[in-house]
Amino acid sequence: MQKTIAIVGAGLGGLTLARVLQAHGVAATIYEGETSATTRTQGGLLDLHEETGQVALRAAGLHDEFLTLVRPGEDAKRVVDRHGTILFDMPADPGSARPEVDRGELRRLLIDSLAPGTIRWGHKLASIRRCVEGGLDLTFADGSATRADIVIGADGAWSKVRPLLTPAKPLYSGTCFIEIALASGGQDCRASVAAIGSGTLMAVAPGKGIIAHRYADGCVLGYAALNKPEGWVRSIDFGDPSAGLRQVADEFDGWSPLLTAFVTQSDAEPWLRPIYALPVGLKWDRVPGVTLVGDAGHLMSPFAGEGANLAMYDGADLASKLVEQPDIEVALTSYEERLFLRSNDAAGRSAKNLENFFGREAPQSVVTLFDHS
Ligand SMILES: Cc1cc2nc3c(=O)[nH]c(=O)nc-3n(C[C@H](O)[C@H](O)[C@H](O)COP(=O)(O)OP(=O)(O)OC[C@H]3O[C@@H](n4cnc5c(N)ncnc54)[C@H](O)[C@@H]3O)c2cc1C
């Protein structure tokens with residue numbers, strides 16, 4: 001009898017896992033808290049690495065479709081100081097081994113690749129417990145419940161599955177992002193938009209930065225980043241978005257108006273994104289029938305550009321192990337051994353890069369980072 005597999009979370013990790021399992025004829029159900037694929041905009045670009053994200057897409061049989069989503073020209077990178085002086089300028093590389101795609105389009109590709117009914121939308125996991133007869137009972141916020149032999153937590157930073165494996169919790173990194181956007185294409189600040197170049201602009205200084213990406217259709221998405229205590233982060237009032245944005249812009253006093261315009265002119269609802277990370281080197285002992293993929297197991301700052309790539313790779317790797325190895329515990333042990341090694345390495349780099357981005361040596365430390373990559 002085939003074991004029942006419940007995947008909690010329809011992010012890039014959970015979706016890739018389900019897709020690769022289904023490609024090998026193994027059924028799995030994804031329980032996702034959001035009510036539909038369009039509940040939340042996914043925003044932002046991801047560069048998919050040849051050795052991780054793209055390996056996962058090949059395993060999923062979706063690499064050719066992925067290539068049709070690539071946005072050539074948008075991988076250009078520019079680093080400037082707070083006056084807008086260009087310190088590093090890397091043009092777009094049409095043959096890049098790390099092509100950029102829109103996160104929402106990538107997620108849609110994975111969702112559409114699954115058998116109908118695979119994703120149970122509106123199923124927010126509320127609790128999970130092992131049952132005496134074997135297997136695990138999952139109860140959802142709407143009161144419904146299900147039982148599964150294998151449960152995979154792909155439910156991101158605040159995973160409800162993780163406590164079955166480890167008491168570790170994400171810790172605030174000290175850096176907070178505030179989403180900014182010029183959805184209209186920034187008609188009122190054309191000079192600022194032009195300053196981005198064709199890809200991503202990173203304006204950095206000790207303790208702060210403005211990161212803006214220009215899409216081919218002209219719209220701009222990005223973040224203001226501030227090293228601030230959690231209390232300060234909570235004190236910003238975005239009930240009045242323009243007052244909240246002014247409070248953020250005040251932190252960039254003395255910066256070129258060309259750069260602060262990305263904050264003051266932002267025309268999207270501002271979202272706070274405090275950056276949290278799980279401890280570097282996190283491991284857990286084997287717990288029968290349960291494991292984690294992606295951020296649930298190794299949340300890290302975005303500064304190595306690895307989180308989504310690893311989530312997809314985890315999903316594909318775990319699926320292959322479950323398909324190849326009839327003994328579930330042997331499969332999960334083998335998956336986790338490699339998971340711990342790769343996530344430890346990436347989490348270490350992410351933490352170091354975060355320091356480089358907004359540390360005392362910025363912006364020179366960021367230039368050095370790109371010069372050596
Ligand atoms: C600002 C920023 C920029 C980033 N840039 C990059 C980048 O350039 N490259 C890169 O590789 N990575 C990047 N990352 C990291 C990347 O976004 C994550 O690592 C990646 O999304 C993790 O995927 P996941 O599937 O593990 O989790 P998520 O994408 O978080 O998906 C988890 C899913 O689980 C669902 N869920 C949560 N709780 C429950 C519950 N209780 N019940 C049911 N469902 C639940 C959620 O609704 C969600 O759909 C960035 C992150 C941030 C914050």
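We use all heavy atoms of the structure for the numbers below, so side chains are in, but hydrogens, waters and symmetry mates are not. Remember, it's 1-based here, ligands and their atoms both numbered in the order they're listed. Start at 1 with the first residue, then count along the sequence.
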**Student:** Grab the two heavy atoms, one from Ile152 and one from Ile5, that are nearest each other, plus how far apart they are.
**Tutor:** CD1-CG2, 3.8 Å
**Student:** Who clusters with Val55? Use side-chain heavy atoms, under 4.5 angstrom, across I, L, V, M, F, W and Y, and order the result by chain and number.
**Tutor:** Tyr313
**Student:** Among all residues two or more places apart in sequence or in another chain, which pass the side chain to side chain contact (heavy atoms under 4.5 Å, CB included) test with Ala194?
**Tutor:** none
**Student:** Sorted by first residue and then second, give each side-chain hydrogen bond (donor to acceptor under 3.5 Å, both in side chains) pair with at least one member in residues 254-265; sequence neighbours left out.
**Tutor:** none
**Student:** Taking the inter-plane angle between the rings of His123 and Phe140 on a 0 to 90° scale, is it parallel (under 30°), tilted (30 to 60°) or perpendicular (over 60°)?
**Tutor:** perpendicular
**Student:** Can you name the residues that come within less than 4.0 Å of ligand 1, going by heavy atoms only?
**Tutor:** Val8, Gly9, Ala10, Gly11, Leu12, Gly13, Tyr31, Glu32, Gly33, Glu34, Leu45, Leu46, Arg103, Arg107, His123, Lys124, Leu125, Ala154, Asp155, Gly156, Lys160, Phe177, Tyr223, Gly294, Asp295, Pro302, Gly305, Glu306, Gly307, Ala308, Asn309, Ala311
**Student:** Would the distance check show the side chain of Arg78 and the main-chain N or O of Gly199 forming a donor-acceptor pair, the cut-off being under 3.5 Å?
**Tutor:** no
